[in-house]
Amino acid sequence: MHKRTKIRIAIFILMVGMACMFTAVVTDYWAVLSPRVEVANTTCEAAHFGLWRLCKKHVYISQDIFQEGKACGPISLPGEENCTYFGHFTPGKDAEIFEYKTQKEYNISAAAISIFSLAFMILGSLALLCSCGGQKRDYLLKPAGMFYAFAGLCAFISLEVMRQSVKRMIESEDTIWMEYSYGWSFACACSGFVLLFLTGIALLVLSMPQMPRNPWETCMDAEPEQVE
């Protein structure tokens, strides 16, 4: 396969990775938290949250869907939903104070790191656009690959911070949440991390000069390879 074709495939994969990461950043289904339901025909409170806000939903559990000891939900059931941005969250009771502090600290960290990921994606895209000006600008593919790899690394750190946030919420005795699951926003972030990090490194490798053809030839002596 020609080198230019490989680079085009890498750019396409990077675009998919950027779309996945952007979708994860702006949506609120990174994790779903649920309390256990002990009786039927009652209303329980489930929650889902992302980097910017926490949404609580009152779900009615009828006799038809009730299973003793199971979690409240699924979250897709109809019910009244209330979403609050973490920056404007007003704590009340002791449990809510713990929940507020925990989520705000972790989510501000995860959101800030995700902003760095978006910034690296923008810088990588600018480097890619500049490299399209001709063969003399192929050297810009190297910083582009590095920027995308850094974006993927930031996405991974944001994922880990969010995972620790969910773990602390579940393990605490001050909250009602007993079970959790990761949502489709979390899956998008995972996909974005894998695609950006691996393809960024692949683009960096593809932009490197060709290896010497002869054992006695050094990299400095080898003729530069132009991407056609």
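Bear in mind the structure is a predicted one, so any value in this text is a computation, not a measurement. Atom set for the values below is all heavy atoms of this structure, side chains included, hydrogens, waters and symmetry mates excluded.
Using a 4.5 Å heavy-atom cutoff, the side chains of V32 and Y180 are not in contact. Taking the side chain as every heavy atom from C-beta outward, V25 and W52 approach each other to under 4.5 Å. At least one side-chain heavy atom of M18 sits less than 4.5 Å from a side-chain heavy atom of S125. A 4.5 Å side-chain heavy-atom check between L140 and L128 finds every atom pair outside the cut-off. Taking the side chain as every heavy atom from C-beta outward, R163 and Y182 approach each other to under 4.5 Å. When side chains are defined from C-beta on, L51 counts as touching M162, because their heavy atoms get closer than 4.5 Å. By the 4.5 Å heavy-atom criterion applied to side chains, S185 and D28 are not counted as neighbours.
Across all their heavy atoms, A189 and L159 have their closest contact at CB-CD2, 3.5 Å. Closest approach of C154 to I113, counting heavy atoms only: O-CG2, 3.1 Å. Contact detail for L196 and A151: the closest heavy-atom pair is CD1-CB, 4.3 Å. In plain terms, the two heavy atoms of A144 and G124 that are nearest each other are CB-O, 3.7 Å.
Within 6.0 Å of CZ on F120 lie more than 12 heavy atoms contributed by other residues, nucleotides or ligands. More than 12 heavy-atom neighbours from other residues, nucleotides or ligands sit within 6.0 angstrom of CZ on F186. No more than 12 heavy atoms of other residues, nucleotides or ligands lie within 6.0 Å of CZ in F22, so this atom counts as exposed by the packing criterion.
The hydrophobic cluster containing I122 does not contain L141, counting ILVMFWY residues as joined when their side-chain heavy atoms lie under 4.5 angstrom apart, directly or transitively. Under the 4.5 Å side-chain heavy-atom criterion for grouping Ile, Leu, Val, Met, Phe, Trp and Tyr, L14 is not connected to L126 through any hydrophobic cluster.
H48 contributes atom NE2, which lies 11.5 Å from atom OG of S181 (distance to the nearest 0.5 angstrom). K142 NZ to S131 OG: the interatomic distance, rounded to the nearest 0.5 Å, is 10.5 Å. With rounding to the nearest 0.5 Å, the separation of CD1 in I115 from OG in S158 is 9.5 Å. Of the inter-residue distances, the one linking L204 atom CG with M146 atom CE reads 7.0 Å to the nearest 0.5 angstrom. Within the model, atoms CZ of F147 and CE of M121 stand 13.5 Å from one another, a figure rounded to the nearest 0.5 Å. For the atom pair CG of L198 and CG of L203, the computed distance is 12.5 Å after rounding to the nearest 0.5 Å.
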With side chain to side chain contact (heavy atoms under 4.5 Å, CB included) as the test, would you mind laying out the steps for C188 and M21 before giving the verdict? CA-CA 6 Å; C188 285; M21 193 60 200; over 6 Å; no
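Side-chain heavy-atom separations under 4.5 angstrom define the hydrophobic clusters, and F116 shares its cluster with no other residue.
Remark: the backbone N or O of A24 is paired with a side-chain donor or acceptor of W30 at under 3.5 angstrom.
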